[in-house]
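This structure is a prediction, so every number in the text was calculated from the model and none was measured. Just follow the structure's listing: the first ligand is 1, and inside any ligand the first atom is 1. Basis for what follows: all heavy atoms, side chains included, without hydrogens, waters or symmetry-related copies.
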Amino acid sequence: MTEIDNARLVAKFPADFVWGVATSSFQIEGGARSDGKGLSIWDTFCAVPGAIADHSNADIACDHYHRWESDLDLIAGLGVNAYRFSVSWPRVRPSGSGNWNVKGLDFYDRLVDGLLHRGMQPYLTLNHWDLPAELQALGGWAARDTVHRFVEYALGLQARLGDRVASITTHNEPWVMATLGHETGVFAPGIQDRAQAAQVSHHLLLSHGLVLQALRAQGSSAKLGIVLNLAPIYPATESAADRAKARLEDGRLLRWYMDPLFHAQYPSDVLEFLGSDAPRVELGDMQAIAQPMDFLGINYYSRTVVSAGGDWDVHQGGLDITDMGWEIYPQGLTELLVRLHRDYPVPPLYVTENGGAFKDELLAGRVHDAQRTRYIYSHIEAVAAAMAAGVPMAGYMVWSLLDNFEWASGYAKRFGIFRVEYETQARIPKDSALWYRDFLSAQKAHRGGLRSLSKPAPKPAQMAITGA
Ligand code: FCB
């Protein structure tokens with residue numbers, strides 16, 4: 001079992017390391033129809049019978065759209081120096097093209113100013129999956145036109161917020177949008193078509209590259225990059241068939257994204273595997289994708305084990321797993337980061353999401369989520385190990401600030417370091433939040449203060465126990 005030793009762990013990180021928490025628009029904002037917001041593909045997907053495990057939707061979610069100020073106070077109380085959030089495209093441009101929604105833009109304007117005022121750097125993600133539903137009706141990410149609508153959207157946000165955000169991520173987890181959204185269909189828009197999924201992945205990558213070019217042409221001052229969900233993939237046995245399967249899955253998850261981003265080409269084994277389902281690529285696309293990046297974000301939750309004979313059962317062998325059924329495997333994070341650094345000319349790396357869902361219990365106003373604290377601690381240790389091996393790590397962000405709408409799992413899975421009581425919208429810091437706060441304050445004490453933009457975080461005793 002992981003032994004928590006903050007003093008030992010803080011000593012392994014430099015003063016300018018970025019510590020944060022992450023959320024996404026659809027999962028926390030609510031206000032689904034407030035102030036002129038358009039619908040996203042997730043709003044419509046939630047209405048499909050059986051799509052969401054608990055039959056819920058995100059119309060209200062954590063009501064962050066109305067509670068953003070007190071939520072920013074909670075974040076500041078942790079002592080983080082960065083907050084990773086995403087913008088809802090249909091909130092700021094309801095149809096995905098045409099008119100902009102000034103009230104939606106104003107919301108993010110206030111959010112960004114609120115972060116800066118509290119001494120935190122805004123890390124903005126343009127696309128965390130909530131594509132305007134009207135664009136889906138025109139073909140969504142499978143249509144090449146959506147690429148150009150995305151560039152317009154990015155330029156619109158740059159014009160409004162670009163002077164104040166520290167970082168802009170084009171896409172969060174393109175593999176999830178392409179594969180879970182268009183091949184297995186378990187996520188919005190719920191399509192099951194392998195060729196379409198491959199085309200979607202190409203358009204996501206292409207739009208990433210074109211956005212980087214367009215933002216730089218406008219003199220963007222923010223650090224620009226993308227966030228990928230990656231994991232090391234192990235064969236269940238050393239058999240040739242299992243090893244071949246692991247190599248292919250590594251191609252489909254990791255090399256399919258890393259190779260075009262860093263080498264301007266798709267991996268030949270995956271192209272061969274896809275055959276006639278491979279994406280249509282136009283002249284110049286691959287060069288456009290491979291823009292230099294200022295950072296690469298990695299979302300890491302678990303490793304993957306595959307067997308040629310079918311799915312490997314994570315429950316076998318008494319492994320330590322989270323409430324998502326995901327194996328807790330921090331050494332996989334070190335291994336992944338070291339491999340990325342070895343195989344690709346990577347820019348500074350951030351772990352942009354990492355955390356766990358656990359069956360929390362509220363006892364006398366407290367949540368003693370020791371497993372989550374150990375999960376986070378052990379993965380921060382894994383980041384330190386990667387740094388010691390020479391990997392250029394720049395930051396780490398916990399997923400997530402709040403319990404929230406966990407996509408197809410609805411509200412049944414809780415990832416927050418703050419508990420949300422959905423009936424009252426009260427926020428309750430779990431023990432993991434209190435630990436993260438203490439860890440960050442130990443970090444500050446050790447280094448004589450992290451580079452933060454302004455005010456120090458409130459003292460521990462001032463941190464509200466029931467939040468808003
Ligand atoms: C990631 C998503 C994030 C959250 C976590 C648990 O794939 O980016 O929104 O759902 O998983």
Side-chain angles (χ1 to χ4, degrees), residues 20-30 40-43 45-46 51-54 56-58 61-62 64 83-89 123-131 169-184 186-188 201 204 208 225-231 253-254 257 296-304 314 321-329 332-333 336 350-360 369 371-372 375-376 379 396-418 420 430 432:
V21 281
T23 64
S24 87
S25 51
F26 190 77
Q27 294 177 276
I28 65 165
E29 283 179 3
S40 80
I41 57 173
W42 272 92
D43 289 305
F45 190 66
C46 287
I52 310 299
D54 61 1
S56 61
N57 60 43
C62 307
H64 172 75
Y83 173 53
R84 174 172 180 253
F85 65 99
S86 76
V87 172
S88 158
W89 184 353
Y123 274 58
L124 183 154
T125 298
L126 293 167
N127 173 24
H128 200 124
W129 312 351
D130 42 1
L131 180 76
T169 291
T170 52
H171 300 295
N172 177 71
E173 304 189 346
W175 178 90
V176 169
M177 287 181 277
T179 306
L180 302 188
H182 298 80
E183 186 171 335
T184 65
V186 296
F187 277 12
S201 66
L204 289 167
H208 156 82
I226 194 169
V227 165
L228 304 178
N229 56 300
L230 300 177
L253 176 73
L254 187 146
Y257 295 92
L296 174 66
I298 310 297
N299 294 349
Y300 178 84
Y301 290 93
S302 186
R303 67 166 172 169
T304 302
V314 76
I321 57 174
T322 70
D323 195 25
M324 296 298 279
W326 299 345
E327 184 190 351
I328 301 175
Y329 196 73
L333 177 57
L336 171 69
Y350 291 73
V351 172
T352 33
E353 284 181 25
N354 175 247
F358 294 98
K359 288 199 190 310
D360 297 324
D369 59 339
Q371 282 178 298
R372 185 176 287 103
Y375 181 102
I376 296 171
H379 285 79
Y396 172 90
M397 301 183 184
V398 172
W399 184 270
S400 182
L401 172 70
L402 303 171
D403 290 337
N404 60 47
F405 178 80
E406 177 45 37
W407 309 110
S409 305
Y411 298 97
K413 305 297 178 192
R414 292 178 176 270
F415 271 94
I417 55 173
F418 283 84
V420 175
K430 301 178 190 176
S432 56

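Enumerated by chain and number, the residues approaching ligand 1 to less than 4.0 Å through a heavy atom are Gln27, His128, Trp129, Asn172, Glu173, Asn299, Tyr301, Glu353, Trp399, Glu406, Trp407, Phe415.
No option in Phe405, Trp407, Tyr411 other than Phe405 meets the side chain to side chain contact (heavy atoms under 4.5 Å, CB included) test with Ile52.
For Ser409, the side-chain hydrogen bond (donor to acceptor under 3.5 Å, both in side chains) test picks out no residue, with sequence neighbours left out. With sequence neighbours excluded, the residues forming a side-chain hydrogen bond (donor to acceptor under 3.5 Å, both in side chains) with Tyr396 are Asn354, listed by chain and number. Glu327 is linked by a salt bridge (charged side-chain N to carboxylate O under 4.0 Å, His left out) to Arg303, counting only residues two or more places apart in sequence or in another chain.
Within the 4.5 Å cutoff, the side chain of Lys430 has heavy atoms near those of the Asp403 side chain.
For the residue pair Thr125 / Asn172, no side-chain donor-acceptor distance below 3.5 Å is found, with atom types taken as modelled.
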